[in-house]
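Below you'll find the structure, written out as structure tokens, and then a few comments.
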2 protein chains.
Amino acid sequence: MFSQSEENYIKTIYHLETISNKGISTNAIAKKLETKASSVSDMIKKLSEKELVVYKKYQGVKLTPFGKKNAANIVRKHRLWEVFLVDKLNFSWDEVHEVAEQLEHIKSPKLINQLDALLGFPTHDPHGDPIPDKDGNLNVIDKILLSSLLKTETGVCVGVDDSSSEFLQFLDKKGITLGKKIKVLEKEDYDDSLTITIENQKLSISNKIANNIYIKKL
Amino acid sequence: MFSQSEENYIKTIYHLETISNKGISTNAIAKKLETKASSVSDMIKKLSEKELVVYKKYQGVKLTPFGKKNAANIVRKHRLWEVFLVDKLNFSWDEVHEVAEQLEHIKSPKLINQLDALLGFPTHDPHGDPIPDKDGNLNVIDKILLSSLLKTETGVCVGVDDSSSEFLQFLDKKGITLGKKIKVLEKEDYDDSLTITIENQKLSISNKIANNIYIKKL
DNA sequence: AATAATTTTTAGACAAGTCTAAAAATTATT
DNA sequence: AATAATTTTTAGACTTGTCTAAAAATTATT
Ligand SMILES: [Mn+2]
Ligand SMILES: [Mn+2]
Ligand SMILES: [Mn+2]
Ligand SMILES: [Mn+2]
């Protein structure tokens with residue numbers, strides 16, 4: 001099949017396509033993968049030869065349906081493993097990503113199918129991100145950023161946009177975790193900071209924080 | 001840490017050392033890894049620089065205590081994953097090896113510790129092989145080959161020497177699995193074939209088969 | 001002990017994946 | 001429209017791990 005490196009590239013392109021849907025630029029890929037643009041340029045040619053992406057020089061890349069299917073499968077594996085780590089091995093949500101980055105490359109369809117069953121066919125990972133099904137389809141729920149909630153509105157925390165350990169640990173400290181109910185008491189015009197209630201606690205959070213938390217409105 | 005390739009080399013040397021305890025020859029390693037002697041020669045130099053093995057030209061290699069500790073840890077991971085696949089994901093004992101070959105390279109001490117706990121701290125893998133503890137020590141039970149049992153003697157099947165799918169599937173077909181009680185009814189002088197009873201069934205097996213089944217005498 | 005056979009090492013090449021530095025193309029600014 | 005800034009690609013080099021072919025060392029056989 002594909003090398004670990006090739007898999008990381010198509011996964012990155014997949015993620016970038018969920019944001020922009022234009023051709024993905026060499027630089028954007030390089031930044032996400034923490035590599036050099038020249039390396040990306042080289043790899044893109046290989047991916048193109050393998051029909052994983054469509055590529056015209058200087059125009060960025062797009063995944064082919066074949067590339068998208070493969071990328072979605074890697075994301076599926078990543079997120080299923082994250083669920084496994086949290087549900088079965090008592091990892092916290094800020095510890096799983098690094099390990100899942102390794103586990104996502106294990107090649108065994110049976111392993112993933114059985115893991116899926118063991119976990120009870122989860123639809124979302126520990127960060128609220130949807131798990132693609134075997135065909136690469138995902139069940140997207142309509143979530144909005146906490147920063148877009150208005151004063152007096154209420155919602156449930158359903159995901160995070162930043163999955164870094166630092167941010168997740170910060171949320172843990174504040175008691176903000178998936179499933180918690182949040183009500184906006186105040187919204188400062190000056191800096192867009194919020195005062196919210198969560199589990200009967202009053203809490204003040206900056207706009208930067210509110211911009212990384214997804215809410216489903218109630 | 002060490003690359004996947006380096007890990008495969010020290011694991012192979014580790015296994016070969018359990019058989020011979022002399023310096024392990026370049027050719028022996030090449031054969032097990034299905035690679036060329038020249039590649040082994042190259043890699044041995046690298047392992048030696050990294051203090052994983054002691055090496056004098058033309059003399060074969062031996063693992064250093066450091067190398068042995070690392071190798072045992074890879075074997076530990078391999079066997080714990082095999083238990084996981086059988087106990088939690090309904091794999092059969094002939095399906096696990098290939099996947100465990102991949103999983104053994106995942107780097108995360110917490111993952112392995114938690115997996116160990118999830119599995120109830122198993123001491124042996126699905127093929128009856130002992131699982132090294134965190135320090136690399138293993139609990140070796142005194143097992144003997146079925147071929148060394150004498151007429152009228154009885155034992156319990158506790159392991160296999162050949163873990164290939166073909167052999168394991170053959171054993172499944174014959175109903176020979178770990179924990180089964182076996183009694184030797186007859187032993188042919190001519191070809192050393194055996195007639196045994198297992199689960200009240202009379203069965204005839206060749207010496208080649210009997211040479212790959214481990215028994216604990218009763 | 002000399003010769004033959006085998007094992008092991010070295011020399012040189014290659015593929016994958018990455019990098020730096022420089023060239024080419026594109027995009028932004030005057 | 002010309003120039004400047006930025007992005008992207010190419011050229012050439014390096015590392016890891018592998019290979020083939022040949023040389024060197026060891027072991028076996030006469
Ligand atoms: Mn993740
Ligand atoms: Mn996630
Ligand atoms: Mn195995
Ligand atoms: Mn095993």
Side-chain angles (χ1 to χ4, degrees), chain A residues 1-14 16-17 19-63 67 70-71 74 101-102 104-105 107, chain B residues 1-14 16-17 19-63 67 70-71 74 101-102 104-105 107:
Chain A
M1 277 286 78
F2 304 111
S3 73
Q4 210 150 309
S5 203
E6 288 168 335
E7 291 190 345
N8 283 333
Y9 274 91
I10 59 173
K11 188 185 55 160
T12 298
I13 296 166
Y14 177 89
L16 290 169
E17 281 188 352
I19 306 169
S20 81
N21 82 346
K22 312 227 155 191
I24 306 302
S25 77
T26 304
N27 257 4
I29 299 168
K31 194 175 175 188
K32 264 248 180 181
L33 281 173
E34 298 183 84
T35 183
K36 293 296 148 76
S38 56
S39 307
V40 175
S41 234
D42 286 344
M43 179 58 91
I44 281 174
K45 282 175 212 154
K46 292 172 200 162
L47 298 179
S48 180
E49 274 161 29
K50 297 190 177 182
E51 318 255 69
L52 290 163
V53 301
V54 173
Y55 169 58
K56 281 199 222 91
K57 276 188 193 172
Y58 297 97
Q59 308 265 126
V61 291
K62 276 192 176 182
L63 289 172
N70 278 92
I74 300 161
E101 284 292 306
Q102 299 178 59
E104 72 190 3
H105 301 292
K107 281 155 184 75
Chain B
M1 278 282 77
F2 304 112
S3 73
Q4 211 151 306
S5 202
E6 288 168 335
E7 290 191 345
N8 283 334
Y9 274 90
I10 60 174
K11 189 184 55 160
T12 298
I13 297 167
Y14 178 89
L16 290 169
E17 281 189 352
I19 306 169
S20 81
N21 83 344
K22 313 226 153 189
I24 305 303
S25 77
T26 304
N27 258 2
I29 298 168
K31 195 175 176 189
K32 265 248 181 181
L33 282 173
E34 298 183 83
T35 183
K36 294 296 149 74
S38 56
S39 306
V40 176
S41 236
D42 286 343
M43 180 57 90
I44 281 173
K45 281 175 211 153
K46 291 172 201 163
L47 299 179
S48 180
E49 273 161 29
K50 296 189 178 185
E51 318 255 69
L52 289 163
V53 300
V54 173
Y55 168 59
K56 280 200 222 92
K57 276 188 192 171
Y58 296 96
Q59 308 265 125
V61 291
K62 277 192 174 179
L63 289 172
N70 278 91
I74 299 161
E101 284 291 305
Q102 299 178 59
E104 72 190 4
H105 301 291
K107 281 155 184 75

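In what follows, chains are A, B, ... by sequence order, proteins preceding strands, each numbered from 1. Heavy-atom basis, side chains included; hydrogens, waters and symmetry copies ignored.
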Checklist outcome for this item: From CG of L33(A) across to P of dC19(C) the rounded distance in Å is 10 Å

Item to check | Set of side-chain contact (heavy atoms from CB on, under 4.5 Å) partners for E7(A), sequence neighbours left out | outcome: F2(A), I74(A), H105(A), K107(A)

Item to check | Heavy-atom side-chain proximity of I29(A) to V61(A) below 4.5 angstrom | outcome: yes

Checklist entry - Is the closest basic N to carboxylate O distance between E17(B) and K22(B) below 4.0 Å? => result no

Next on the checklist: Within the 4.0 Å heavy-atom criterion, would you say S5(A) contacts the bases, only the backbone, or no part of the nucleic acid?
Outcome noted: sugar-phosphate

Next on the checklist: Under 4.0 Å from OP1 or OP2 of dT16(D): is there any side-chain N or O of K46(B) that close?
Outcome noted: no

Checklist entry - Does S39(A) have a side-chain nitrogen or oxygen under 4.0 Å from the phosphate oxygens OP1 or OP2 of dT18(C)? => result no

Checklist entry - Do S38(A) side-chain and dT20(C) base share a donor-acceptor contact under 3.5 Å? => result yes

Checklist entry - I44(B) CD1 to dT10(C) C1': how many Å, rounded? => result 14 Å

Checklist entry - Quick one, which residues of residues 48-59 of chain A touch DNA chain C with a heavy atom under 4.0 Å? => result Y58(A)

Item to check | Whether E6(A) side chain and S3(A) backbone form a donor-acceptor pair below 3.5 Å | outcome: yes

Checklist outcome for this item: Of all heavy-atom pairs linking T12(A) and L33(A), the shortest is OG1-CD2, 3.3 Å

Item to check | Euclidean distance, atom CD of residue Q4(B) to atom P of dG17(D) [Å, nearest integer] | outcome: 10 Å

Item to check | Where S5(A) and M43(A) come nearest, the two heavy atoms and their spacing | outcome: OG-CE, 3.7 Å

Item to check | I29(B) CD1 to dT8(C) C1', straight-line distance once rounded to whole Å | outcome: 12 Å

Next on the checklist: Of the listed nucleotides (dT20(C), dT9(C), dG17(C)), which one gets closest to any side-chain atom of S3(A)?
Outcome noted: dG17(C)

Item to check | Pairing string, 5' to 3', for DNA chain D - Watson-Crick or wobble contacts under 3.5 Å, brackets [ ] where pairs cross, | to another strand | outcome: ||||||||||||||||||||||||||||||

Checklist entry - Out of dT18(D), dT10(C), dT18(C), which has the shortest distance to the side chain of K45(B)? => result dT10(C)

Next on the checklist: Distance check, rounded to the nearest 0.5 Å: K36(A) atom NZ versus N27(A) atom CG?
Outcome noted: 11.5 Å

Next on the checklist: Check the phosphate of dT8(C) against N27(B), side-chain N and O only, distance under 4.0 Å to OP1 or OP2. Yes or no?
Outcome noted: yes

Checklist entry - What is the minimum heavy-atom distance between Y55(A) and G60(A), and which atoms define it? => result CD1-O, 3.9 Å

Item to check | Nearest-angstrom distance from the residue atom CE of M43(A) to P of dA15(C) | outcome: 16 Å

Checklist entry - Rounded to whole angstroms, how far apart are NZ on K36(B) and C1' on dC14(C)? => result 15 Å

Checklist entry - Atom CG of D42(B) and atom C1' of dT9(C): how far apart are they, to the nearest Å? => result 9 Å

Checklist entry - Just to confirm, is there a sub-4.0 Å distance from OP1 or OP2 of dC19(C) to any side-chain nitrogen or oxygen of T35(A)? => result yes

Checklist outcome for this item: Ranking dT10(D), dC19(D), dT8(C) by distance to the side chain of S25(B), first place goes to dT8(C)

Checklist outcome for this item: A71(A) and L63(A) have their tightest heavy-atom pair at CB-CD1, 4.1 Å

Checklist entry - When rounded to the nearest 0.5 angstrom, what is the spacing between CG in N21(A) and CG in L16(A)? => result 12.0 Å

